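Take a look at the structure below.
All of these numbers come straight from a predicted model, not from anything done at the bench.
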Amino acid sequence: MKKLFLALFAIAALWTYAADITYPLEGNLNLRSGTIEIWFYPMRDMYNEPENGKYEGIFTFFDLNIPEAFNANCSWYTQPGQHGLKVSMGSPLMKKGILPLLGKAPAGWQKGDLHHIAFTWELNQMYLYGDGQRTGQRKQLIQLTGNLGGQKIIFGNNKRNSTYIIKAIRISDSARSGEQLANAKPEPDAATLLFDDFSNLDSKNQRTIPTVIASFNGKQSYGTLGQNCKMTTKGLSLYNSDKMR
């Protein structure tokens with residue numbers, strides 16, 4: 001009973017420290033082709049062995065779920081002897097129609113250094129990159145479809161602590177090439193649908209006003225900050241660093 005209580009207390013503590021940012025998908029995502037990118041500073045060791053000796057999700061980078069169409073969740077994980085970067089995916093439209101992109105985690109990433117992750121798709125061809133290096137790929141049986149109205153994309157996770165700081169996020173209406181991603185800079189360009197470097201925060205209303213947001217006309221034109229988001233000199237922290245000390 002005591003072990004159960006301690007486990008539940010630990011989970012509750014992670015929820016208390018965790019945070020996320022959400023943006024509307026309608027107008028900000030092209031289902032035919034696109035790229036989702038995040039520049040971030042990891043603020044913990046990314047290569048520790050899992051504490052439970054089995055599997056541990058280290059970071060959640062982004063998550064989106066289009067009911068009755070598909071879901072995608074990008075994360076960094078660890079299990080005994082292995083560290084991975086993946087996009088977990090699925091679709092109720094066809095069994096095994098959309099499957100995960102799995103790959104080894106990039107090596108040598110250090111706490112406090114700036115890194116870049118990108119997920120691209122063109123029709124049913126999908127790729128995953130870490131600092132411009134391809135880590136995973138898959139040609140799916142079906143393409144991404146669905147109604148984006150009222151749906152959100154979430155960066156971070158308010159139910160699991162992701163100890164990192166986001167410098168910027170960018171969503172594009174085209175699948176950026178490996179060459180483009182190898183030289184990617186956190187700034188908007190002609191292909192950008194959504195770009196946010198958190199330089200315009202509305203803390204009073206728990207909002208961030210992106211530099212570029214394609215859903216501006218008649219739609220929600222801001223991102224919503226979780227309660228533990230905190231601006232730092234590096235960017236937007238997705239964990240409560242005061243409580244984590």
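Between Leu238 and Ile166 the shortest side-chain heavy-atom distance falls below 4.5 Å. Within the 4.5 Å cutoff, no side-chain heavy atoms of Thr192 are placed close to those of Asp173. No side-chain heavy atom of Trp39 sits less than 4.5 Å from a side-chain heavy atom of Ile117. Contact check for Ile171 versus Ile153: side-chain heavy atoms found under the 4.5 Å cut-off. When side chains are defined from C-beta on, Ile66 counts as touching Leu25, because their heavy atoms get closer than 4.5 Å. When side chains are defined from C-beta on, Val87 does not count as touching Phe61, because their heavy atoms never get closer than 4.5 Å. With a 4.5 Å cut-off on side-chain heavy atoms, Ile142 and Leu93 count as touching. Annotation: side chain of Thr60 is in contact with side chain of Asn73 (closest heavy-atom distance under 4.5 Å).
Between Gly27 and Ala214, the shortest heavy-atom contact is O-CB, 3.1 Å. The two atoms that bring Asn30 and Arg32 nearest to each other are OD1-N, 3.0 Å, heavy atoms only. Heavy atoms only, all atoms of each residue included: Leu31 and Phe70 are closest at CD2-CE2, 3.8 Å. Residues Phe198 and Leu201 come closest through the heavy atom pair O-CG, 3.6 Å. In plain terms, the two heavy atoms of Thr135 and Gly130 that are nearest each other are CG2-N, 4.0 Å. Shown here for Ala184 and His116, the closest heavy-atom pair between the two residues is CB-CE1, 3.7 Å.
Two different hydrophobic clusters hold Tyr23 and Val212 under the rule that ILVMFWY side chains link at heavy-atom gaps under 4.5 Å. Met94 and Leu123 are not part of a single hydrophobic cluster, where members link through side-chain heavy atoms under 4.5 Å apart. Both Ile98 and Leu141 sit in one connected hydrophobic cluster of ILVMFWY residues. Membership requires side-chain heavy atoms under 4.5 Å apart, directly or through other members. Hydrophobic clustering keeps Leu181 apart from Trp121 (ILVMFWY residues linked when any side-chain heavy atoms are closer than 4.5 Å, directly or through intermediates).
For Thr208 (side chain) and Gly223 (main-chain N/O), no donor-acceptor pair under 3.5 Å exists by modelled atom type. With Asp20 contributing its side chain and Gly156 its backbone, the two residues share no donor-acceptor pair below 3.5 Å. Of the possible donor and acceptor atoms, none in the side chain of Gln82 sits under 3.5 Å from a partner among the backbone N and O of Gln79. Counting only distance, with no hydrogens or angles, the side chain of Arg138 and the backbone of Tyr127 share no donor-acceptor pair below 3.5 Å. In this structure, Trp76 contributes its side chain and Met46 its backbone to a donor-acceptor pair below 3.5 Å. With hydrogens and angles ignored, the 3.5 Å screen pairs no side-chain donor or acceptor of Tyr129 with any backbone N or O of Gly136. The backbone N or O of Ile38 sits nowhere less than 3.5 Å from a side-chain atom of Arg170 that would complete a donor-acceptor pair. For the pair Asp113 (side chain) and Trp109 (backbone), a donor-acceptor distance under 3.5 Å is absent. The backbone N or O of Gly81 lies less than 3.5 Å from a partner atom in the side chain of Glu49, making a donor-acceptor pair. Proximity of a side-chain donor or acceptor of Ser215 to a complementary backbone N or O of Gln220 within less than 3.5 Å is detected.
With respect to Arg176 and Glu37, a salt bridge is recorded, a charged nitrogen being found less than 4.0 Å from a carboxylate O.
Between Tyr239 and Tyr164, the distance separating the two ring centers is not shorter than 6.0 angstrom.
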* Could you walk me through whether Leu85 and Leu128 pass the side-chain contact (heavy atoms from CB on, under 4.5 Å) test, one step at a time? => CA-CA 8 Å; Leu85 175 62; Leu128 181 60; 3.8 Å; yes

* Would you please test Ile21 and Cys229 for side-chain contact (heavy atoms from CB on, under 4.5 Å) and show each step? => CA-CA 8 Å; Ile21 317 166; Cys229 290; 4.2 Å; yes

* Would Thr35 and Phe119 count as a side-chain contact (heavy atoms from CB on, under 4.5 Å) if you check the C-alpha gap in whole Å, the side-chain angles of each, and the deciding distance to 0.1 Å? -> CA-CA 6 Å; Thr35 304; Phe119 169 58; over 6 Å; no

* Begin from the C-alpha positions of Phe155 and Asp63 and carry the test side-chain contact (heavy atoms from CB on, under 4.5 Å) through to its verdict. => CA-CA 7 Å; Phe155 291 88; Asp63 183 84; over 6 Å; no

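Neither side chain, Gln125 nor Glu122, offers a donor N or O lying under 3.5 Å from an acceptor on the other. Of the N and O atoms on the side chains of His115 and Asp131, at least one donor lies less than 3.5 Å from an acceptor on the other residue. Checked by atom type, the side-chain pair Lys96/Gln140 shows no donor-acceptor distance below 3.5 Å. Residues Asn205 and Tyr222 have side chains that never bring a donor and an acceptor to within less than 3.5 angstrom of each other.
Annotation: the span from Ile36 atom CD1 to Leu64 atom CG amounts to 5.5 Å, rounded to 0.5 Å. Atom-to-atom distance recorded for Glu56:CD and Tyr77:OH is 13.5 Å, nearest 0.5 angstrom. If you take NZ on Lys230 and OG on Ser237, they are separated by 7.5 Å, rounding to the nearest 0.5 Å. Here the straight-line distance linking atom CG of Leu29 with atom CG of Leu148 works out to 5.5 Å at 0.5 Å rounding. The CG atom of Leu225 sits 5.5 Å away from the CD atom of Gln206 when rounded to the nearest 0.5 Å. Taking OG from Ser221 and CD1 from Ile209, the interatomic distance works out to 6.0 Å, rounded to the nearest 0.5 Å.
Note on ring orientation: taking the six-membered ring where Trp is involved, the planes of Phe40 and Phe59 are perpendicular (angle over 60°, cut-offs 30° and 60°).
The stretch residues 83-94 participates, sequence neighbours left out, in these side-chain hydrogen bond (donor to acceptor under 3.5 Å, both in side chains) pairs: Tyr55-Lys86, Thr78-His83.
Counting non-hydrogen atoms of other residues, nucleotides and ligands closer than 6.0 Å to CD of Gln133 gives a total of 12 or fewer.
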